[in-house]
Amino acid sequence: MNNIKNKKILLVICGGISAYKSLEIIRLLKKEGASIKTILTNSAKKFVTPLSVASLSQEKIYDDLFSHENESEMDHISLSRWSDLILVAPTTANTISKLSSGTSDDLASTVILASDKEIFLVPAMNVRMWEHPSTKENINKLINFGYHIIGPIVGDMACGEYGKGKMTEPSEIVDTLEQYFSKLKKNKRLKALVTAGPTHEYIDPVRYISNKSSGKQGYEIAKSLKKNGFDTTLITGPTNLEPITGIDLINVNTAEEMFNAVLECLPVDVAIFSAAVSDFKIKNKVKNKIKKKESINLNLEKNIDILSHISNHNSLRPKMVIGFAAETNNLNEHAKKKLHEKNCDWIIANDVSDPNIGFGSDYNEISIFYKNMKYEKLPRMKKSILADNIIKKVVSHLN
Ligand code: CTP
């Protein structure tokens with residue numbers, strides 16, 4: 001099935017000998033029914049002519065960051081917003097370096113930096129350039145930023161040398177895009193729910209008990225679900241994080257509100273409970289602010305365990321339920337117990353006693369415990385990358 005039909009692709013052509021292959025990419029994408037707009041860097045114009053690109057794409061080309069004409073019609077922000085995906089082919093070592101440092105000194109790099117879309121880079125360069133530690137470091141950075149990298153492949157190069165650095169063939173690039181859109185389409189039919197952040201359990205109208213959760217991991221998971229095409233709802237306790245575009249966001253304060261929001265959101269195909277829900281609420285919550293002269297005796301009662309309730313429920317339980325376990329000691333033992341007692345498909349456990357990971361940090365280090373009692377430990381990584389790794393596993397589990 002053709003999943004590229006009617007897709008809008010912004011093709012950025014950089015200056016390298018393999019730029020001529022971008023013409024074949026345009027031809028193949030057009031044949032599949034895609035609309036294409038192209039940006040040519042100044043050096044790309046030394047390898048392919050704007051006229052040939054415009055003729056094949058049947059669209060004008062964009063090449064100037066400061067063009068009055070383009071700015072009034074389609075500026076650098078609109079160009080990126082217009083597209084469903086950005087493809088940079090070929091991507092030179094210079095462009096890789098610029099993107100990894102956030103340099104935006106021409107139209108191509110500015111559009112990419114301003115983009116909220118998935119970006120596919122197709123590197124092409126001499127083998128020594130590709131293997132240079134600085135290129136490797138830059139590519140790793142870009143992978144961490146969430147860029148997709150297609151190739152390069154091993155082969156004879158235009159410069160006469162042989163090795164890795166050759167641009168992936170246009171048909172394979174188009175296949176990769178086709179697979180990407182097909183995965184999005186498949187996942188689009190799937191509904192996902194994520195809980196995130198802490199809850200606030202009020203003592204009086206101004207005071208509450210809570211915990212150190214920042215909500216970052218849950219937000220990244222929701223972002224990654226959305227990126228993978230899921231119809232995603234994020235139910236979040238109070239955090240300082242920005243709302244994510246394209247995701248249904250439900251703000252709650254207390255565990256009780258979070259529970260009700262979860263019930264309203266069901267049924268879903270996958271539910272990921274990453275919120276650090278307060279285990280207790282105040283039984284003797286008062287209406288007016290308690291004055292400091294008064295003495296306070298907090299009378300606590302247990303909150304409902306949202307995850308356990310949903311996951312052990314005959315009719316409400318989603319196809320796939322993932323819980324988290326924040327532990328400071330005996331991580332494996334506690335995680336396995338939670339996996340069993342809360343009837344989860346997976347428990348994602350992390351050690352919250354290390355201040356460099358977990359609560360508040362941009363980094364996390366987790367172990368995933370599976371129903372068959374097997375588990376795998378993932379290395380320390382950015383929460384955003386970790387989220388992508390988790391969702392990749394979720395997608396293959398659901399399929
Ligand atoms: N959870 C929940 N509702 C609660 C408490 C926890 O949904 N009232 C979920 C969390 O979102 C998480 C999992 O249960 O996915 C485990 O939470 P955690 O705080 O690690 O464990 P608790 O069940 O609270 O147990 P303990 O505090 O004893 O470790």
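We count ligands from 1, going down the list as the structure has it; atoms in each ligand are counted the same way. Note that the coordinates shown come from a computational prediction; the quantities given were computed from them, not determined experimentally.
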Quiz item: Going by the order shown, which atoms of ligand 1 are within less than 4.0 Å of some heavy atom of Ala275?
Solution: 10 (C), 11 (O)
Self-check item: Atoms of ligand 1, numbered as shown, that sit under 4.0 Å from any heavy atom of Ile304
Solution: 3 (N), 4 (C), 8 (N)
Exercise. Please determine if Lys338 and Asp305 form a salt bridge, counting it only when a charged side-chain N lies under 4.0 Å from a carboxylate O.
Key: no
Exercise. Heavy-atom contacts with Gly323 under 4.0 Å: which atoms of ligand 1 show up? List them by number with element.
Key: 15 (O)
Quiz item: Considering only the protein, which heavy-atom contact is closest to atom 29 (O) of ligand 1, and what is its distance?
Solution: Lys338 NZ, 2.8 Å
Quiz prompt | Glu257 atom CD: more than 12 heavy-atom contacts under 6.0 Å | solution = yes
Quiz item: If you draw a 6.0 Å radius around OH in Tyr208, do more than 12 non-hydrogen atoms from other residues or ligands fall strictly inside?
Solution: no
Quiz item: Would you say Ala325 touches ligand 1, if touching means a heavy atom closer than 4.0 Å?
Solution: yes
Self-check item: 4.0 Å heavy-atom contact, Ala326 with ligand 1
Solution: yes
Exercise. State whether the number of non-hydrogen atoms from other residues, nucleotides or ligands found under 6.0 Å of Asn240 atom CG is greater than 12.
Key: no
Exercise. For atom 20 (O) of ligand 1, decide whether some protein heavy-atom distance is shorter than 4.0 Å.
Key: yes
Quiz item: Is Arg380 salt-bridged to Glu365, cutoff N-O under 4.0 Å?
Solution: yes
Quiz item: Near Phe273, which atoms of ligand 1 are under 4.0 Å from a heavy atom of that residue?
Solution: 11 (O), 12 (C), 15 (O)
Exercise. Just need the protein heavy atom nearest to atom 12 (C) of ligand 1, so name the residue and atom and give the distance.
Key: Phe324 O, 3.1 Å
Exercise. Would you mind running through ligand 1 and noting each atom that sits below 4.0 Å from a heavy atom of Leu307?
Key: 2 (C), 7 (O), 9 (C), 13 (C), 14 (O), 15 (O)
Self-check item: His340, NE2 atom: more than 12 neighbouring heavy atoms under 6.0 Å
Solution: no
Quiz item: Do side-chain atoms of Ser101 reach the backbone of Lys98 as a donor and acceptor pair under 3.5 angstrom?
Solution: yes
Quiz prompt | Selection from His334, Lys337, Glu341, Lys342 by shortest heavy-atom distance to atom 23 (O) of ligand 1 | solution = Lys342
Exercise. Using side chain to side chain contact (heavy atoms under 4.5 Å, CB included) as the criterion, point out the one residue from Val194, Ile235, Val262 that pairs with Phe273.
Key: Val262
Self-check item: Closest approach of any protein heavy atom to atom 4 (C) of ligand 1, naming residue and atom
Solution: Val277 CB, 3.5 Å
Quiz item: Which heavy atom of the protein is the closest neighbour of atom 1 (N) of ligand 1, given with residue, atom name and distance?
Solution: Asp305 OD1, 3.8 Å
Practice problem: Measure the distance from atom 3 (N) of ligand 1 to every protein heavy atom, then report the residue, atom name and distance (to 0.1 Å) of the closest one. | Solution: Ile306 N, 3.0 Å
Quiz item: Is atom NZ of Lys186 surrounded by more than 12 heavy atoms (other residues, nucleotides or ligands) closer than 6.0 Å?
Solution: no
Practice problem: For Ile310 and ligand 1, answer yes if some heavy atom of the residue is under 4.0 Å from a ligand atom, otherwise no. | Solution: no
Quiz item: Heavy-atom count around Glu131 CD within 6.0 Å, excluding the residue itself: above 12?
Solution: yes
Quiz item: Of Ile347, Asp279, Ile272, which has the heavy atom at the shortest distance from atom 5 (C) of ligand 1?
Solution: Asp279
